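Here is the structure we will look at, set down as structure tokens.
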Amino acid sequence: EKFATTMNFELIGMDVNLGVFLILLTFVGALLGLYVGVKFLHKRPFKTLITSAQNINWGKIFFAFGVWMLMTMALESLGYFLDPDNYVFQFQPSKFFILLLISLFILPLQTSCEELVFRGYLMQGIGLVAGWRWVPLLITSVLFGSMHMANPEVGEFGFELMMVYYIGTGLFLGVLTLMDDSLELALGVHAATNIYGALFVTFDSSALQTPALFKTLEVSTDYLLVVSFSMFAIFLFICAKKYGWNDWSRLYGPILQVDFNKDINVDDLIAKDENDILDKNI
């Protein structure tokens, strides 16, 4: 019973890294299933779940990953400075090295799977059916939050608070996707979030129990929400300045039907008015 609520594999005599690896394998299988569905059932390039451009912009992914990781580390350092007794250093070289490999090569597949499903496949599909950008933004954010309802954090910190956090995170990642007309920034942020949580700082009720460098004894939920939503706002401001986001109707405006087998000009995806919307058949 305790294992079911904490997902700590050591409680059932299994190596914690092996347990994490097995959990992540399920996402690898889901990612393969998504690829087959998009490629052979929808008969469209898999790349179109990420971007309408000719090539994936890896620079954007690494930019988002790097900036988000630095922001997270900076705020965690502030938390450590304010309350160092709340942190326990638990470095175990052999376990940490294996965790590092898992985090670098397997964990990004898990985060990418979630992004490709929610901010890729579902957001595009719901958007084409609904015809307006705000509809998939809200629906996928709620679905994203609902997917995390079984996480140990929900039982530990409360349903309402954690749903605000998870749905808020979904909205943030959805805004990034719609404003940039691609999934690249969201892919980088999501990967940085989970890799940081796996490698550097964990806590007893974390969904992924890992031999991270540090463990926090207590988690301040008020601090979590304030810091998280502040980071969302700061990162959006940075991206808006860097990429020249001026047309915020990308978050709510109408959507044109597109042919995913052709190169797409992303500016053509936003209809100028309701009369510009084409028949929406997937």
Side-chain angles (χ1 to χ4, degrees), residues 21 23-65 68 102-130 133 135-148 151 166-198 207-208 235 239 250-251 255 258-264 266 269 282:
F21 178 75
I23 288 177
L24 296 179
L25 275 186
T26 63
F27 289 91
V28 175
L31 191 57
L32 290 174
L34 180 63
Y35 176 83
V36 171
V38 171
K39 189 76 174 177
F40 299 103
L41 295 181
H42 292 289
K43 300 186 184 303
R44 49 178 279 200
F46 191 67
K47 173 186 69 66
T48 58
L49 290 184
I50 300 174
T51 180
S52 58
Q54 187 171 2
N55 298 303
I56 296 173
N57 189 334
W58 291 96
K60 281 187 177 180
I61 297 177
F62 289 119
F63 167 79
F65 181 93
W68 193 258
I102 294 173
S103 298
L104 293 179
F105 297 105
I106 307 297
L107 192 52
L109 297 178
Q110 175 256 324
T111 58
S112 296
C113 178
E114 291 188 11
E115 288 307 310
L116 288 162
V117 169
F118 287 98
R119 259 70 63 179
Y121 186 82
L122 289 177
M123 181 167 277
Q124 292 179 12
I126 294 170
L128 289 175
V129 171
R133 288 173 167 240
V135 177
L137 175 61
L138 292 181
I139 292 178
T140 57
S141 298
V142 172
L143 290 175
F144 182 74
S146 300
M147 185 192 73
H148 294 85
N151 280 19
Y166 284 124
I167 293 174
T169 300
L171 283 169
F172 164 62
L173 294 170
V175 169
L176 285 178
T177 301
L178 290 177
M179 288 305 301
D180 199 51
D181 267 315
S182 80
L183 202 58
E184 292 145 344
L185 295 174
L187 284 169
V189 168
H190 201 155
T193 299
N194 286 27
I195 289 175
Y196 180 86
L208 276 182
F235 190 79
C239 289
R250 289 176 179 269
L251 298 181
I255 303 171
V258 297
D259 183 349
F260 288 106
N261 292 305
K262 297 179 180 179
D263 289 339
I264 306 164
V266 295
L269 295 180
I282 299 178

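Reckoned from all heavy atoms, side chains included, excluding hydrogens, waters and symmetry mates. We count residues from 1, following the sequence as given. Please read all numbers here as calculations on a predicted model, not as lab measurements.
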Problem - Residues that F21 engages under ring pair (Phe, Tyr, Trp, His ring centres under 6.0 Å), provided they are two or more places apart - result: none
Fill in the blank from the handout: Those residues at least two apart in sequence (or on a different chain) that pass salt bridge (Lys or Arg N to Asp or Glu O under 4.0 Å) with E115 are R119
Problem - Mutual orientation of the aromatic rings belonging to Y35 and F40 [parallel < 30°, tilted 30-60°, perpendicular > 60°] - result: perpendicular
Problem - Residue list, side chain to side chain donor-acceptor pair (under 3.5 Å) with S182, at least two apart or on another chain - result: D180, E184
Handout entry: Stepwise side-chain contact (heavy atoms from CB on, under 4.5 Å) check, L49 with R44
Key = CA-CA 9 Å; L49 290 184; R44 49 178 279 200; 3.7 Å; yes
Handout entry: Nearest heavy-atom neighbours spanning L183 and G120
Key = CD1-N, 4.2 Å
Handout entry: Closest non-hydrogen atom pair, N151 against A207
Key = ND2-CB, 3.6 Å
Handout entry: Heavy-atom check, side chain of L143 versus side chain of L122, under 4.5 Å
Key = yes
Problem - Partners meeting ring pair (Phe, Tyr, Trp, His ring centres under 6.0 Å) with F62 (sequence neighbours left out) - result: none
Problem - Any side-chain heavy-atom pair of Q110 and L107 under 4.5 Å - result: yes
Handout entry: Non-hydrogen side-chain atoms of T177 and L185 separated by less than 4.5 Å
Key = no
Completion exercise
Shortest non-hydrogen pair, G127 vs P136, comes out as CA-CG, 3.7 Å
Handout entry: Main-chain N/O of H190 paired to E114 side chain as donor or acceptor, under 3.5 Å
Key = no
Problem - Shortest non-hydrogen contact between P108 and I195, atoms and distance - result: CG-CD1, 4.1 Å
Exercise for the section: With the side chain counted from C-beta on, respond yes when I50 and L116 share a heavy-atom pair under 4.5 Å apart, and no when they do not. Expected result: yes
Practice task
Identify, with sequence neighbours excluded, every residue that meets side chain to side chain contact (heavy atoms under 4.5 Å, CB included) alongside T169.
Solution key: F144, Y165, L173, F232
Problem - side-chain contact (heavy atoms from CB on, under 4.5 Å) assessment of V36 paired with L41 - result: CA-CA 7 Å; V36 171; L41 295 181; 5.9 Å; no
Exercise for the section: Using a 4.5 Å cut-off on heavy atoms from C-beta on, say whether the side chain of L187 contacts that of T111. Expected result: no
Handout entry: Interatomic spacing from CZ in F65 to OG1 in T193 - rounded to 0.5 Å
Key = 9.5 Å
Practice task
Mind checking side chain to side chain contact (heavy atoms under 4.5 Å, CB included) for L251 and listing every partner two or more places apart, or none if nothing turns up?
Solution key: V175, L178, M179, W248
Handout entry: Pairs meeting criterion side chain to side chain donor-acceptor pair (under 3.5 Å) with involvement of residues 137-147, two or more places apart
Key = none
Completion exercise
By side chain to side chain contact (heavy atoms under 4.5 Å, CB included), V135 pairs with (sequence neighbours left out) I126, A130, W132, I139
Problem - Partners meeting side chain to side chain contact (heavy atoms under 4.5 Å, CB included) with L109 (sequence neighbours left out) - result: V28, L31
Exercise for the section: Kindly write out the residues that satisfy ring pair (Phe, Tyr, Trp, His ring centres under 6.0 Å) with F27, not counting sequence neighbours, or none if the list is empty. Expected result: none
Handout entry: Least distance between heavy atoms, C239 atom then L176 atom
Key = SG-CD2, 4.3 Å
Exercise for the section: Check ring pair (Phe, Tyr, Trp, His ring centres under 6.0 Å) between Y121 and all other residues, then give those that pass, not counting sequence neighbours. Expected result: H42
Completion exercise
Rounding to 0.5 Å, atoms OG1 (T26) and CG (L24) come to a distance of 7.0 Å
Problem - K60 side-chain N/O to G188 backbone N/O, donor-acceptor pair under 3.5 Å - result: no
